Amino acid sequence: PVRSMEEILTRVVVPLPTYETREKSPPPPESNSVEFMHFYRSLEKEEKSQLLAKLSHDFGVDHKGVSELAGKLLDTQQRDLATILQVEDRLRYSLTPRYKQLLNHISRVESGVKFLVDLRADLLEIISSKASDSPHIRDLNGTLKSLLSEWFSVGLLRLERITWQSPCEILQKISQYEAVHPVRNWTDIKRRVGPYRRCYAFTHAAMPGEPLVVLHVALTEDISDNIQSIVREFATLDSEEDVSKVNTAVFYSISSTQAGLQGVELGNVLIKRVVRELQSEFPHMSQFSSLSPIPGFSSWLQGLLSQHRKEGRVELLTDCEWGKVADVTNTTPDTNVLDALRKLISTGDWTRSEHLVHILEPALMRLCAWYLYGEKRRGYALNPVANFHLQNGATMWRLNWHADTSPRGVANSCGIMVNYRYFLQETTSNSAAYMHNKIITATEQVLGLVSQFQKNSKL
Ligand SMILES: CC(C)(COP(=O)(O)OP(=O)(O)O)[C@@H](O)C(=O)NCCC(N)=O
């Protein structure tokens, strides 16, 4: 199909009109876009990446034209401003990739926007798989992302509250998309939208019936330190009788549903929008915080323990703690008490022994605080959930022991969870400090645990 790929692209991706005719030339027939969408959908995965590579490479910016105009602009530097602006505008127009028109035309046909969201998901997969991280593919991704950011800007999104009265297909999608605390059955989802709970989603007219990002909230008297009390306990009340005590919103799950909208920052926008919505429903609501999982902590810890194994004694625990672990595991400090600890943590068995839990709590809390606050990737928090909330301007507020006692919670993060708290007057400045200077805003509790960790080890 390579020949037909070439043939289709040449026909469907019309050349950029000349600068002079750019506002006069009629758009190509809708059939072009429909044909392209149909053809693309018919391709195998491998053929899709071939097509996208060809589209981005052969139907992008006319680099020769751009450099000629850039040269011309240099020559006119001495001329009057009007002439310079003229040439600048020509240069700006010449930087429009030819395929950008195709993307715009597709966005105007039925389900064209959804098609483009899915096409970007394919692009992101190609880029992340390093199959062909050609600069042209990155250019195409950048062009598409900026178009999607315009089309999915906050003014064009619709906030929908999901309740037990919402259509079944929406409730089913909400259940399927829940990525943080999986919904097991109808009673689970009924609880999530029931009394003292709120569930909100952003939808968009171009993708009807599709929740783009979903936020689950618990309405409480205080900032929760345990997820079981939110997702497991049954509500005895069948309605929100007494909301006078409700003064806190706990965000306990957020999931974006469209891979192709990654980087469009929908989750951040949704949280801020829901805060405003709740403030109008509960004027005296004063506390807004997440109760977040810490995916990756256990595996990071395993890596640390095995890495230190080679270097013998590890300072991650105090001598006293090592001694106690040795006692409980019937090993001796200089033999592999470290392996015993690794095995305990990897199986979660340690949670069954009160004594061991008591010994490990301070050590695991110190290690977890360091993992969240100290471990970085390109200067930003290594943990993706921390990075998300810190980008939003939240404060790393409190680590909670025994916060998720489910097998999943113990396996992922030794049962620890964290509150990222949104102090509404500070989110803008916190976000700027984090994004520009990589400064993490954290409380005394967190900083205290971090400095205890640093005292114990030279990491
Ligand atoms: C946390 C989420 C919602 C952030 O999405 P969003 O605000 O759109 O950020 P981005 O994807 O635009 O960078 C998203 O990354 C996600 O769904 N993550 C998996 C589930 C989770 N909450 O970690």
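Counting starts at 1 for both ligands and their atoms, following the listed order. Because the structure is a prediction, the values reported are computed rather than measured.
Using cut-offs of 30° and 60° on the angle between ring planes, the pair Trp300 and Tyr371 is tilted.
Remark: ligand 1 atoms within the under-4.0 Å shell around heavy atoms of Ile254 are 3 (C), 20 (C), 21 (C), 22 (N). Ligand 1 places these atoms under 4.0 Å from at least one heavy atom of Phe388: 4 (C), 7 (O). Below 4.0 Å from some heavy atom of Gly267 lie the following atoms of ligand 1, by number and element: 6 (P), 7 (O), 8 (O). Numbered from 1 in the order shown, with element, the atoms of ligand 1 that lie under 4.0 Å from a heavy atom of Asn268 read 7 (O). Here is the list of ligand 1 atoms found below 4.0 Å of a heavy atom in Val264: 12 (O).
When distances from atom 15 (O) of ligand 1 to the protein are checked, no heavy atom turns up under 4.0 Å. Shown here, atom 4 (C) of ligand 1 is in close reach of the protein: a heavy atom of it lies under 4.0 Å off. Proximity of atom 18 (N) of ligand 1 to the protein is not indicated, since no non-hydrogen protein atom lies closer than 4.0 angstrom.
For the side-chain hydrogen bond (donor to acceptor under 3.5 Å, both in side chains) test, residues two or more places apart in sequence or in another chain that qualify with Asp118 are Lys114.
Within 6.0 Å of NZ in Lys48 there are more than 12 heavy atoms belonging to other residues, nucleotides or ligands.
Taking every heavy atom of both residues into account, Pro293 and Met417 meet most closely at N-CE, 3.7 Å. When every heavy atom of Ile174 is checked against every heavy atom of Cys199, the shortest pair comes out as CG2-SG, 4.1 Å. Minimum heavy-atom separation, Leu124 to Gln262: CD1-OE1, 3.7 Å. Residue Asp222 comes nearest to Val250 through the heavy atom pair O-CG2, 4.2 Å, listed as atom of the first residue, atom of the second, then distance.
Residue Leu266 has at least one nitrogen or oxygen atom sitting less than 3.5 Å from a nitrogen or oxygen atom of ligand 1, judged on distance alone. The distance criterion of under 3.5 Å between nitrogen or oxygen atoms is not met by Gln262 with respect to ligand 1. Backbone and side-chain nitrogen or oxygen atoms of Ser255 are examined, and none is located within less than 3.5 angstrom of a nitrogen or oxygen of ligand 1.
Within the structure, the ring pair (Phe, Tyr, Trp, His ring centres under 6.0 Å) test picks out no pair touching residues 263-289 (sequence neighbours left out).
What sits closest to atom 9 (O) of ligand 1 on the protein, heavy atoms only, is Glu265 CA, 4.2 Å. The protein heavy-atom contact nearest to atom 23 (O) of ligand 1 is Val385 CG2, 3.9 Å. Protein heavy atom at the shortest distance from atom 10 (P) of ligand 1 is Gly263 N, 3.3 Å.
Residue contacts with ligand 1 do not include Val213, since none of its heavy atoms lies under 4.0 Å from the ligand.
Taking the charged nitrogens against the carboxylate oxygens, Glu277 and Arg198 have no contact shorter than 4.0 Å, which rules out a salt bridge.
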Review point. Does the salt bridge (charged side-chain N to carboxylate O under 4.0 Å, His left out) test come out yes or no for Lys173 and Glu210, once each step is laid out?
Key: CA-CA 8 Å; Lys173 279 188 178 157; Glu210 192 67 58; 3.7 Å; yes

